[in-house]
Amino acid sequence: MSRLVVVSNRVAMPDNAGSASVGGLTMALAAALQQYRGVWFGWSGDTTPTFTGEAHVRETGGVTIATIDLEAQDVQEYYNGYANTVLWPLFHYRIDLTEYERAFGEGYARVNSRFAETLQSLVRPDDMIWVHDYHLIPLAQELRQRGLKNRIGFFLHIPWPACQLLTTLPQHQELVEALFAFDLLGFQTQDWLNAFNGYVTDELDGKIHGDGYVSAFGRTVRVGAFPIGIDADNFAQIVQSPAAAKSYDQAAATNVYRDLIMGVDRIDYSKGLEERFAAYDQFLQTHPEFRERVTYLQIAQTSRSEVETYQDIRTRLDGVAGRINAAYGTLDWTPLRYVNRAYGRDFLAGVYRAAKIGLVTPLRDGMNLVAKEYVAAQNPRNPGVLVLSRFAGAARQMKAALIVNPYSREDVADAIKRGLTMPQPERRQRWEALMTGIETDDVSTWRDSFVAALKACRPQAHPVSAPTIATAGANETVIRSPAGRRGVEAQARRCDAGHHRNFVGVANIPAGADRADDRPIFAADKDAAGRRRHVAAAHREQGGVEEGLGGRPLGELAAAEPHAEGALGLGGGDVGSE
Ligand code: ADP
Ligand code: F6P
């Protein structure tokens, strides 16, 4: 029977104790997989001195969980580095915080190759594979190069950046080319999909077909917007649980004379916490009549704490929170309660319900599930008000919220006031509209529509065949790629990223060179200092490949080019390891 194999960097079945790995992705996948016979594969979160490639497999709640440990250097370069110091800030429009380091790209390529290596042995031919998020963009390409023909879909949980931002990324084309090895690409909203399509047309000269397919790099993939939702039924049960009732009572009792304003976020600069604190300050300053009549509770779990930008934001938030409390606090009133820990889902549900305002004001967010949880937790007869950033993907769907510009403290302060004073009929009307959307577009709709689209994908017209990598003599490697010049270049860079820093570039096979076919080749040899030198060659263009090959004539190389007998497994690791 065909299974759904879900792959994400982070793997965690959330327990109710409040886990360290909170985040929209795990919440949604745990909910999505529990109703599916599935396998969930990813990083264990642990390190090992030497990568073994072995998966730890266990069963939880009907789901098979398979995880691998990574080396400390992998975690540093791939997770802290390329994923969270390059792609995360860039995709959240913060190029000022993006730090490109070549080692990060190498680690990213290496870990994706390692994921593929282990995953390959777990996948059956009729499985569907669903890859999640920006950590794993090259995974389908790695799997295809190992010969996997399964349907493979990709879902991006975060925004897709505008074309002009993305082009600031060195090797942005290789990154996007890797996406074309999937069958289906899913985005949270039409906005992010439009941005992706914009890159394809403007930067790649690709084609957007009317039927949901997009072509570039000689391949065609299906694309779509699949807004993620929460498990609305399950959340409704949680809200009624004794634990939720208890936390509701606690929150209500502590704030019996005061209205509660609430935010729940990972500590992340994309969440706009600093700006939110400033807006609350503005609110207290411009509306002194509300002082001592409101409390703002910000639950903010520490996140990615090894990354410097995350350490910085945490330090700044501590400072701003302290200043607000010092400026406005009294003997029996703490204006801002700022708590850095994770809570169980039922606890959170109760506190959401007690809050008169849900403040969700990210500067940029793929979707934002907290906005949906806040609404789902409300008392239908006396609901609170959601204040929502226009830059959260959720704002596309949740139009009945008070939509704000999080960069404007006045705007957010006005919305707080408006929410606190909103008459009950208007609150109910807005809540009903929001709740209908949450129930209709819940996590099952998200999962089922993505899986249905993946099943219905036309088989790839241009499957990504593996480049052949073979040794040719003691010191040489030859790579041929049917994916054209770009494929050769991309592979050359992967080899380079894996082991070398001496990629020379692409040379051209002289026109008229005597080759049996017109596929490009890539070759490497050692230079006088004993370093391996890489040269990629593309057929039928002017230029001199011989020079790049250290003076060896092309004919000699072609003659040395092995076929069946020498082909190695793919991956940077196989090329030139010395
Ligand atoms: P992101 O995926 O960027 O973290 P989302 O708002 O989409 O943002 O998802 C966050 C998820 O993590 C929500 O389900 C939320 O309830 C949960 N979460 C966030 N902070 C905490 C916390 N301190 N304790 C428990 N759960 C949390
Ligand atoms: O939802 C976006 C996301 O980056 C997920 O991929 C991730 O699991 C979550 O936020 C939390 O981040 P992290 O896994 O880095 O703790």
Side-chain angles (χ1 to χ4, degrees), residues 6-12 14-31 40 42-45 75 78-85 87-89 91-92 131-137 154-159 188 192 227-232 234-235 238-239 247 262-273 297-307 309-310 338-352 358-377 386 388-389 392-395 398 443 446:
V6 163
V7 190
S8 60
N9 169 65
R10 178 79 71 183
V11 175
D15 53 22
N16 212 15
S19 102
S21 60
V22 290
L25 180 145
T26 49
M27 294 300 167
L29 287 184
W40 190 356
W43 174 38
S44 61
V75 176
Y78 145 83
Y79 175 73
N80 292 327
Y82 202 76
N84 289 318
T85 309
L87 295 182
W88 179 275
F91 279 45
H92 287 85
V131 178
H132 291 262
D133 236 354
Y134 57 102
H135 315 83
L136 299 173
I137 289 175
F154 176 78
F155 185 78
L156 184 68
H157 289 252
I158 65 175
Q188 295 270 26
W192 314 139
I228 202 166
I230 61 167
D231 188 344
N234 177 258
F235 208 80
I238 288 176
V239 172
S247 64
M262 185 191 190
V264 178
D265 306 78
R266 285 181 303 102
I267 299 185
D268 193 304
Y269 45 83
S270 67
K271 300 292 181 185
L273 288 167
L297 169 65
Q298 178 61 55
I299 295 179
Q301 162 78 349
T302 312
S303 178
R304 304 172 191 166
S305 47
E306 288 172 12
V307 180
T309 42
Y310 286 78
Y338 175 51
V339 186
N340 298 150
R341 51 161 292 192
Y343 287 95
R345 317 221 14 91
D346 42 17
F347 179 92
L348 275 187
V351 187
Y352 280 140
L359 261 189
V360 181
T361 57
L363 303 179
R364 196 67 55 172
D365 210 330
M367 174 55 64
N368 197 291
L369 293 183
V370 168
K372 299 187 174 185
E373 291 169 0
Y374 173 74
V375 170
L386 175 66
L388 179 62
S389 161
M398 305 182 83
V443 76
W446 171 69

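As the structure lists them, so they are numbered: ligands from 1, and atoms in each ligand from 1. All values below were derived from every heavy atom in this structure, side-chain atoms included, with hydrogens, water molecules and symmetry-related copies excluded. Being a predicted model, the structure only gives us computed values, none of them experimental.
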* Counting heavy atoms only, which of Val264, Val339, Asp231 is nearest atom 21 (C) of ligand 1? -> Val264
* Non-hydrogen atom of Phe235 closer than 4.0 Å to ligand 1 -> no
* Structure fact -> Note: heavy atom closest to atom 8 (O) of ligand 1, options Lys271, Met367, Gln301, belongs to Lys271
* Should the pair His132 and His157 be assigned to parallel (<30°), tilted (30 to 60°) or perpendicular (>60°) ring geometry? -> tilted
* To do: For Ala342, take its heavy atoms, then give the atoms of ligand 1 lying under 4.0 Å from any of them.
  => 22 (C), 23 (N), 24 (N)
* Asked: Would you say Asn84 and ligand 2 have an N/O pair spaced under 3.5 Å apart?
  -> no
* Asked: Side-chain contact, heavy-atom cut-off 4.5 Å: Ser8 with Leu29?
  -> yes
* Could you tell me whether the side chain of Trp192 and the main chain of Gly366 form a donor-acceptor pair under 3.5 Å? => yes
* On the ring face of Tyr343, is Arg341 found with NZ or CZ under 6.0 Å from the centre and within 45° of the axis? -> yes
* Asked: Is a side-chain donor or acceptor of Gln301 paired with a backbone partner of Ile267 at a separation under 3.5 angstrom?
  -> no
* Does Thr309 reach the side chain of Thr85, with side-chain heavy atoms less than 4.5 Å apart? -> no
* Asked: Is ligand 2 less than 4.0 angstrom away from at least one heavy atom of His135?
  -> yes
* Heavy atom of Asp133 under 4.0 Å from ligand 2? -> yes
* Asked: Counting each atom of ligand 2 from 1 as listed, which ones have a heavy atom of Tyr134 under 4.0 Å away?
  -> 4 (O)
* Those atoms of ligand 1 less than 4.0 Å from some heavy atom in Arg266 -> 1 (P), 3 (O), 4 (O)
* To do: Could you tell me if any non-hydrogen atom of Arg266 lies under 4.0 Å from any atom of ligand 2?
  => yes
* Are any of the N/O atoms in Trp88 less than 3.5 Å from those in ligand 2? -> no
* Hey, does Ala300 come in under 3.5 Å of ligand 1, counting only N/O atoms on both sides? -> no
* Output the list of atoms in ligand 1 that are nearer than 4.0 Å to some heavy atom of Arg341, sorted by atom number. => 22 (C), 23 (N)
* To do: Look only at the side chain of Gln298 and the backbone of Gly263, and say whether a donor-acceptor pair between them is shorter than 3.5 Å.
  => yes
* Structure fact -> The side chain to side chain contact (heavy atoms under 4.5 Å, CB included) partners of Pro227 (sequence neighbours excluded) come to Met367, Gln397
* Heavy atom under 4.0 Å from ligand 2: found in His132's side chain, backbone, both, or neither? -> neither
* To do: Measure Leu348 to ligand 1 on non-hydrogen atoms and call it side chain, backbone, both or neither using the 4.0 Å cut-off.
  => side chain
* Structure fact -> Counting from 1 in the order shown, the ligand 1 atoms closer than 4.0 Å to a non-hydrogen atom of Arg345 are 14 (O), 16 (O)
* Asked: What do you reckon, does His157 put a non-hydrogen atom under 4.0 Å from ligand 1?
  -> no
* Would you please name every residue forming a salt bridge (Lys or Arg N to Asp or Glu O under 4.0 Å) with Lys271, sequence neighbours left out? => Asp365
* With a 4.5 Å limit on heavy-atom distance, are the side chains of Ser270 and Leu363 in contact? -> no
* Rounded to the nearest 0.5 Å, what separation is found between the CG atom of Asn9 and the OH atom of Tyr79? -> 6.5 Å
* Looking only at distances, please establish whether an N/O atom of ligand 2 is found under 3.5 Å from an N/O atom of Tyr79. => yes
* Using a strict 4.0 Å cut-off to heavy atoms of Ile299, name the atoms of ligand 1 that fall inside it. => 23 (N)
* Indicate, as side chain, backbone, both or neither, the part of Phe347 found under 4.0 angstrom from ligand 1 when only non-hydrogen atoms are considered. => neither
* Structure fact -> ligand 1 atoms nearer than 4.0 angstrom to some heavy atom of Tyr352 are 16 (O)
* How are the rings of Tyr134 and Trp88 set relative to one another: parallel (under 30°), tilted (30 to 60°) or perpendicular (over 60°)? -> tilted
* Asked: Do Val375 and Met398 come close enough that some side-chain heavy atom pair is under 4.5 Å?
  -> yes
* Are any of the N or O atoms of Glu373 closer than 3.5 Å to those of ligand 1? -> yes
